[in-house]
Amino acid sequence: MHVHSKLVFVLLLFVMASCRQNVQMKDKSPMDLYPGLFGAVQVSHLFSDSKTFPDCIPNRDPADILKDYEQQKTKSGFNLKTFVEQNFTLPEKAAENYKSDINAGVEAHINTLWDVLKRRPDKYNQYSSLIALPQPYIVPGGRFREVYYWDSYFTMLGLEESQRVDLIENMVNNFAYLIRTYGFVPNGNRTYYLTRSQPPYFSLMLKLLMDNKKLKSDSVLASNKDALEREYHFWMDDKGAKEGASLHVVYMPGGEKLNRYYDAGNWPREEAYTEDITAAAQSKLSQKEVYRHLRSGAESGWDYSSRWLSDGKTLKTIHTTDIIPVDLNCLLYHMEMMLARSYRTSSDKKAGEFMIQSAEKRKKAIVKYCWDQGSGWFRDYDWKASKMTPAVSLAGVYPLFFNMASLGQADSVSLMIQNRFLKLGGLVTTLADTGQQWDSPNGWAPLQWMAIAGLSNYKKEDLSREIAKRWSQQNIRVFNKTGKLLEKYNVMDTTLTAGGGEYPTQDGFGWTNGVLMKIMSRQKMRGVN
């Protein structure tokens, strides 16, 4: 079959599938609003970034636009690009026109940038893919012009250092609003993200806000207990299954319940439409399986990494839903501990005890299935193959961040970080160089912080400080050269200004700003230059 014909055929299948799947969704995505037109625009590559068109705003009723498209598309002289330009308003990149003052220094830059990246409460537009949020929030920057779930926790770390607790509270309230509205926090506040979440950091956000509202910490927890419970239900809902896997839940051989990433959709992501079709065409799996794995990889936040690839190299072997990720289960351990705390605060002793027991069972299961004594590292577990995956990644530092590791395990993890992960510009994400952005040679702010704080929990201060020093120096070196703080960095070749990956490096950048502010604050407290 000719490549163009094949794409058209796949497109038709996708249109039918998405209409069946999304018909009952409260918020329609662009694919639902203008089927046919949406696919035609994406496969025609009118925009260099597949995310651009889903973020466009229709200038009038999509039904009228679609009607005109159907009438005009076969006529002589019809130009799809002109049609789109006449009927849609293109989105702007966040902070695209901001000019930084390098001479003012990086700290002043970040403090100024908070307001540049700040979005006021959204005005509802029934045809926009943007989900309106009731309170102000910070976006990451660049192509990421909406709020993102796990990004926001690391952004909040910087807001805390900038004494912007008001914005932290605003953003926590927005996430609670999303949970109460949809039952979970979507990947980002876009309708095309409503099939998945992201690493669940809401309980950590609550803890951060509570720490900054010391006298009102109990009221913060009490007012958000319902949201925390609903999010926990989203991750733990197994639809009555008692074995195997259902949604995000996997029943392990010993009867334990652990979790995986699992997107509810099995069609191409609207914001990465042609990329997903291409990946599916190269795989031996069915298209629906590939799309589910790709989407679930996006839910992990690590899109993409050798963690999710069965051959450790190529995207065509992605199998995300077969994997029990160590980081996800550590986050759910923290959620269980915070729920236990909320129940104790509300004098619900039985519920509190149940959550403590659930957390302890999870902790034991993580060690049982994910601790690799041979390598001295916490690794993901392939529940279908009944063995740990070969990938060695910085997800292995999460048990240290949450104080779940033994002293011996922390010693082994520390040694591994020192010998294999630590590079001139900070910590490399994995030990594999695949071309995927969540692999070597790239480093990412959130993982630097999880390692820095995790090692500090176990009194590995020298290594913790060395990572912080190397990462912050790399951030500041690039800032002094470009005036920007970036989404990710090449930590092995520090002569480069950015790390490579799935799409062009974005600037702004929320979680880099936040982690750098946190590191610089710690360095000041400890008298480090």
Side-chain angles (χ1 to χ4, degrees), residues 1-22 29-32 35 38-39 42-43 45 49-51 54 186-187 192-198 244-248 250 259-325 328 380-385 389-391 393 430 432 434-439 501-503:
M1 185 181 289
H2 189 273
V3 174
H4 179 71
S5 300
K6 186 174 183 179
L7 286 177
V8 172
F9 176 69
V10 172
L11 172 63
L12 289 173
L13 289 177
F14 169 46
V15 170
M16 292 185 289
S18 67
C19 287
R20 288 196 301 271
Q21 295 281 349
N22 289 338
S29 72
M31 183 66 221
D32 302 312
F38 180 87
Q42 295 293 62
V43 300
H45 298 285
D49 186 343
S50 291
K51 190 177 182 299
N187 187 148
Y192 52 77
Y193 287 143
L194 284 173
T195 58
R196 65 175 178 271
S197 187
Q198 259 195 336
S246 178
L247 303 180
H248 291 95
V250 179
N259 290 81
R260 63 177 178 171
Y261 290 110
Y262 184 88
D263 189 302
N266 59 3
W267 53 90
R269 292 171 296 157
E270 289 177 44
E271 75 284 4
Y273 191 80
T274 55
E275 294 90 336
D276 285 3
I277 289 175
T278 299
Q282 295 172 348
S283 177
K284 294 179 181 179
L285 299 174
S286 72
Q287 290 176 349
K288 286 185 177 182
E289 285 181 286
V290 178
Y291 295 146
R292 177 92 69 196
H293 290 312
L294 288 167
R295 286 171 160 272
S296 301
E299 184 174 62
S300 78
W302 291 48
D303 43 338
Y304 290 100
S305 168
S306 54
R307 289 180 75 186
W308 317 126
L309 312 178
S310 62
D311 68 357
K313 300 175 184 177
T314 55
L315 198 60
K316 65 183 180 182
T317 66
I318 191 167
H319 67 136
T320 317
T321 65
D322 299 345
I323 294 170
I324 304 294
L328 171 61
D380 300 327
Y381 187 85
D382 185 332
W383 64 273
K384 284 193 173 179
T389 70
S393 79
T430 73
T434 64
Q436 297 298 332
Q437 61 176 359
W438 286 86
D439 279 323
E502 187 179 19
Y503 42 77

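Predicted model only: the values in this text are computed from it and were never measured. Residue numbers run from 1 in the order of the sequence given.
- Between Ser286 and Glu289, the side chains place a donor N or O and an acceptor N or O closer than 3.5 Å (distance only, hydrogens not considered).
- Counting only heavy atoms from C-beta outward, the side chains of Arg196 and His248 never approach each other to under 4.5 Å.
- Side chain to side chain, Ser29 and Glu270 meet the donor-acceptor criterion of an N or O pair below 3.5 Å.
- In this structure, Trp302 and Trp308 have side chains that are in contact, with non-hydrogen atoms separated by less than 4.5 Å.
- One finds the CD atom of Gln42 at 9.5 Å from the CE atom of Met31 (value rounded to the nearest 0.5 Å).
- In this structure, the side chains of Arg260 and Ile323 stay at 4.5 Å or more apart for every pair of heavy atoms.
- Judged by the 6.0 Å distance and 45° axis criteria, Arg292 is not positioned over the aromatic ring of Trp267.
- Contacts of Tyr381 classified as ring pair (Phe, Tyr, Trp, His ring centres under 6.0 Å), with partners at least two apart in sequence or in another chain: Tyr369.
- When atom types are taken as modelled, the side chain of Glu271 and the backbone of Pro54 share no donor-acceptor pair closer than 3.5 angstrom.
- With 3.5 Å as the limit, one finds a donor-acceptor pair spanning the side chains of Glu275 and Ser50.
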Quiz item: Does the side chain to side chain donor-acceptor pair (under 3.5 Å) test come out yes or no for Gln436 and Ser306, once each step is laid out?
Solution: CA-CA 7 Å; Gln436 297 298 332; Ser306 54; over 6 Å; no
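- Tyr262 approaches Glu299 most closely through the heavy-atom pair N-OE1, 2.8 Å.
- Under the side-chain hydrogen bond (donor to acceptor under 3.5 Å, both in side chains) test applied with Asp263, the options Thr320, Thr321, Asn187, Thr195 reduce to a single match, Thr195.
- Partners of Asp380 according to the salt bridge (Lys or Arg N to Asp or Glu O under 4.0 Å) rule, which considers only residues two or more places apart in sequence or in another chain, are Arg307.
- Applying the salt bridge (Lys or Arg N to Asp or Glu O under 4.0 Å) rule to Lys313 yields no partners; only residues at least two apart in sequence or on another chain are considered.
- Between the side chain of Ser300 and the backbone N or O of Gly297 there is at least one donor-acceptor pair closer than 3.5 Å.
- Annotation: the span from Leu309 atom CG to Thr317 atom OG1 amounts to 4.5 Å, rounded to 0.5 Å.
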